[in-house]
Chemist: 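Below are the structure tokens for one structure; questions will follow.
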Amino acid sequence: MNATERRNAFRAVLAGQACVHPASVFDAVSGRIAADLGFETAILGGSVASLAVLGAPDHIILTLTEFADLIRRITRGGAPPLLVDADHGYGNALSVMRTVEELETAGVAALTIEDTLLPRPYGPDKPALLPLEEGLGKIRAALAARSDPALVIVARTSALSVTGLEDALARARAYAEAGADGVFVTGVTALDELQALHAATGLPILVGNAKAGLGGAEAFARHGGRIALQGHATFPAAMQAVHDTLKALRDGTAPKDLARLPDAATTRRWQRDEHYDAAIRDFMGG
């Protein structure tokens, strides 16, 4: 699929009746594995990107250029339609426009712009939100900057856990009226909150962290949820595997400990590239 086709596929998920879990990916190979397993969508979290590129925690120190370069490798590698966490858009409304331009060029299907005050100021322990008008300005800037109308712009708010449901509803309504394609919410504690957000906006709801025991994807779907994150377990799992493998090699126990690794045929499947395979056949006599 080309970029527009991936974006339309993502829009089809948002327009459907089910709620799907995206694959959390962090590089070209993990994206390709997600596609191989049949995931409809994938997600690159901001915290994961910071760890993958810098080996650093999510303190908003990753640059837009570094983020876009990572995304370009993931989308080029054949990942499912990719949703990315674009944080606060790397600055003010003008920076949001630049962010959208760069990430659209990098091949994302969808991106979120949030109204959290980032980077977090020194002192307060709790996160704070931007004034509504500033958050709204960022969403308008994001919408104005896209050149492919199929690109999905999602407004993200932390208001549920910071200022409460009424503020979350007010912000979600404003973002919907500005033209956002969806609303991403974190801190969901009850299905009624999802229902209220969906009813107030008419938009698909993307669910970040939610209280355990709410019923999962099927319950979210009945209340307007169309995408629900399951966290970002793939990156720490991969790092644990690297650690264990290197430790086995260091300790001289690799043959036994590495017996569980995928066979060569499986890894070749993850490394496939039809574009280059065709070139070998057509131009190099392979």
Chemist: Let's go through R171 and D167 carefully: what are the C-alpha distance in whole Å and the side-chain angles of both, what is the deciding distance for salt bridge (Lys or Arg N to Asp or Glu O under 4.0 Å) to 0.1 Å, and is it a yes or a no?
Modeler: CA-CA 6 Å; R171 288 170 180 265; D167 187 39; 2.9 Å; yes
Chemist: Go through T201 and L197 one step at a time and tell me if the side-chain contact (heavy atoms from CB on, under 4.5 Å) criterion holds.
Modeler: CA-CA 6 Å; T201 64; L197 287 161; 5.5 Å; no
Chemist: With a 4.5 Å cut-off on side-chain heavy atoms, are L44 and F67 touching?
Modeler: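 Yes. Closest side-chain heavy atoms under 4.5 Å.
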Chemist: Spell out, yes or no, whether V53 and V48 are grouped together once hydrophobic residues are joined by side-chain heavy atoms under 4.5 Å, including indirect joins.
Modeler: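 Same cluster: V53 reaches V48 through Ile, Leu, Val, Met, Phe, Trp or Tyr contacts under 4.5 Å.
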Chemist: With hydrophobic residues grouped by side-chain heavy-atom distances under 4.5 Å, do L70 and M239 end up in a single group?
Modeler: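 Same cluster: L70 reaches M239 through Ile, Leu, Val, Met, Phe, Trp or Tyr contacts under 4.5 Å.
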Chemist: Search all heavy atoms of T234 against all heavy atoms of S24 and return the closest pair with its distance.
Modeler: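 Closest approach of T234 to S24, heavy atoms only: OG1-O, 2.6 Å.
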Chemist: What about V108 and F184, same hydrophobic cluster or not, with Ile/Leu/Val/Met/Phe/Trp/Tyr joined at side-chain heavy-atom distances under 4.5 Å?
Modeler: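 The answer is no; the residues belong to distinct hydrophobic clusters.
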Chemist: Give the C-alpha distance, both sets of side-chain angles, the deciding distance and a yes or no for side-chain contact (heavy atoms from CB on, under 4.5 Å) between L130 and E114.
Modeler: CA-CA 9 Å; L130 296 174; E114 65 183 273; over 6 Å; no
Chemist: Is the shortest heavy-atom distance from the side chain of Y90 to the side chain of L62 under 4.5 Å?
Modeler: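 Side-chain contact under 4.5 Å: yes.
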Chemist: Is the shortest heavy-atom distance from the side chain of N209 to the side chain of L229 under 4.5 Å?
Modeler: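 Heavy-atom side-chain distance check fails, nothing below 4.5 Å.
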Chemist: Can L103 be reached from M97 by stepping across I, L, V, M, F, W or Y side chains whose heavy atoms are under 4.5 Å apart?
Modeler: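 Result: no, two separate clusters.
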Chemist: Checking the side chain of D85 only, and the main-chain atoms of D87 only, is there a donor and an acceptor separated by less than 3.5 Å?
Modeler: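 Side chain of D85 to backbone of D87, a donor-acceptor pair under 3.5 Å: yes, one is there.
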Chemist: Counting distance only, does the side-chain N/O of R32 pair as donor-acceptor with the main-chain N or O of G77 below 3.5 Å?
Modeler: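 Between the backbone of G77 and the side chain of R32 there is a qualifying donor-acceptor contact (under 3.5 Å).
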Chemist: Would T105 and E101 count as having a side-chain donor-acceptor pair, cut-off 3.5 Å?
Modeler: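 There is no such pair between these side chains.
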Chemist: Please determine, by modelled atom types, if E104 and S147 share a side-chain donor-acceptor pair under 3.5 angstrom.
Modeler: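 Side-chain D/A pair, E104 to S147: present.
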Chemist: Any chance you could lay out the salt bridge (Lys or Arg N to Asp or Glu O under 4.0 Å) test for K247 and D244, step after step, and finish with the verdict?
Modeler: CA-CA 5 Å; K247 185 175 184 298; D244 292 348; over 6 Å; no
Chemist: Counting only N and O atoms by type, is there a donor-acceptor contact under 3.5 Å from the side chain of K138 to the main-chain atoms of H88?
Modeler: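 Judged by distance alone, yes, a pair lies under 3.5 Å.
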Chemist: Which pair of non-hydrogen atoms, one from V25 and one from A34, has the smallest distance, and what is that distance?
Modeler: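 Minimum heavy-atom separation between V25 and A34: CG1-CB, 4.0 Å.
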Chemist: Could you pull out the closest heavy-atom pair between A178 and L143, with the gap in Å?
Modeler: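 Heavy atoms only, the tightest pair is O-CD1, 3.2 Å.
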Chemist: Name the residue from V207, I205, L214, L191 that meets the side chain to side chain contact (heavy atoms under 4.5 Å, CB included) definition with H223.
Modeler: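 Among V207, I205, L214, L191, the one that satisfies the side chain to side chain contact (heavy atoms under 4.5 Å, CB included) with H223 is L191.
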Chemist: Considering non-hydrogen atoms only, spot the tightest contact between P80 and G31 and give its length.
Modeler: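 Distance-wise, the nearest heavy atoms are CD-O, 3.4 Å.
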Chemist: Starting from the C-alpha separation in whole Å, work towards a yes-or-no answer on salt bridge (Lys or Arg N to Asp or Glu O under 4.0 Å) for R146 and D181.
Modeler: CA-CA 13 Å; R146 67 179 172 189; D181 298 306; 2.9 Å; yes
Chemist: Strictly distance-based, threshold 3.5 Å: is any side-chain N or O of N92 a donor or acceptor partner for the main-chain N or O of L94?
Modeler: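 Indeed, once roles are kept as given, a pair shorter than 3.5 Å links the two residues.
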Chemist: Which heavy atom in G182 sits nearest to a heavy atom in L206, and how many Å separate them?
Modeler: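 Scanning both residues completely, I find the closest heavy atoms to be CA-CD1, 4.5 Å.
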Chemist: Should V154 and V20 be counted in the same cluster of Ile, Leu, Val, Met, Phe, Trp and Tyr side chains packed under 4.5 Å apart?
Modeler: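 Cluster IDs for V154 and V20 match.
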Chemist: Please step through side-chain contact (heavy atoms from CB on, under 4.5 Å) for the pair L111 and T99, ending with a clear verdict.
Modeler: CA-CA 10 Å; L111 61 91; T99 295; 5.7 Å; no
Chemist: Is it the case that D148 and T4 place a side-chain donor and acceptor less than 3.5 Å from each other?
Modeler: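 Yes - a donor-acceptor pair under 3.5 Å links their side chains.
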Chemist: With distance as the sole test, does H21 use its side chain to make a donor-acceptor pair with the main-chain N or O of A228 at under 3.5 Å?
Modeler: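 Judged by distance alone, yes, a pair lies under 3.5 Å.
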Chemist: Would you check if the side chain of E5 reaches a backbone N or O of N2 as a donor-acceptor pair within less than 3.5 Å?
Modeler: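 A pair under 3.5 Å: yes.
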Chemist: Does the side chain of R7 come within less than 4.5 Å of P149's, by heavy atoms?
Modeler: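 Answer no - side chains too far apart.
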Chemist: Give a yes or no answer on whether the side chain of R11 reaches the backbone of A150 with a donor-acceptor pair at less than 3.5 Å.
Modeler: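 Between the backbone of A150 and the side chain of R11 there is a qualifying donor-acceptor contact (under 3.5 Å).
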Chemist: Going by the angle between their ring planes, with limits at 30° and 60°, are F235 and F26 parallel, tilted or perpendicular?
Modeler: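 Judged by the thresholds at 30° and 60°, the geometry between F235 and F26 is perpendicular.
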Chemist: Do R120 and P127 have side-chain heavy atoms sitting under 4.5 Å apart?
Modeler: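 Of all side-chain heavy-atom pairs linking P127 with R120, at least one is under 4.5 Å.
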Chemist: The test is salt bridge (Lys or Arg N to Asp or Glu O under 4.0 Å); show your working for E102 and R98 and say whether it passes.
Modeler: CA-CA 6 Å; E102 293 296 328; R98 173 70 188 279; 2.9 Å; yes
Chemist: For the pair S158 and L129, evaluate side-chain contact (heavy atoms from CB on, under 4.5 Å) and give the outcome as yes or no after the intermediate values.
Modeler: CA-CA 8 Å; S158 303; L129 302 181; 4.1 Å; yes
Chemist: Can you tell me if S50 uses its side chain to pair, donor with acceptor, with the backbone of P57 under 3.5 Å?
Modeler: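 It does hold such a pair.
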Chemist: Would you say the side-chain atoms of E40 pair up with the backbone N or O of P22, donor to acceptor, closer than 3.5 Å?
Modeler: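 Not confirmed, E40 side chain does not pair with P22 backbone.
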Chemist: How about T112 and V84: do any of their side-chain heavy atoms sit closer than 4.5 Å?
Modeler: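 Side-chain contact under 4.5 Å: no.
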Chemist: Taking the side chain from T157 and the backbone from A159, do they hold a donor-acceptor pair closer than 3.5 Å?
Modeler: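 Yes, because the side chain of T157 sits within donor-acceptor range (under 3.5 Å) of the backbone of A159.
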Chemist: Work out which heavy atom in L160 is nearest to a heavy atom in T186; give both atom names and the distance.
Modeler: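 Closest pair (atom of L160, atom of T186, distance): CB-O, 3.6 Å.
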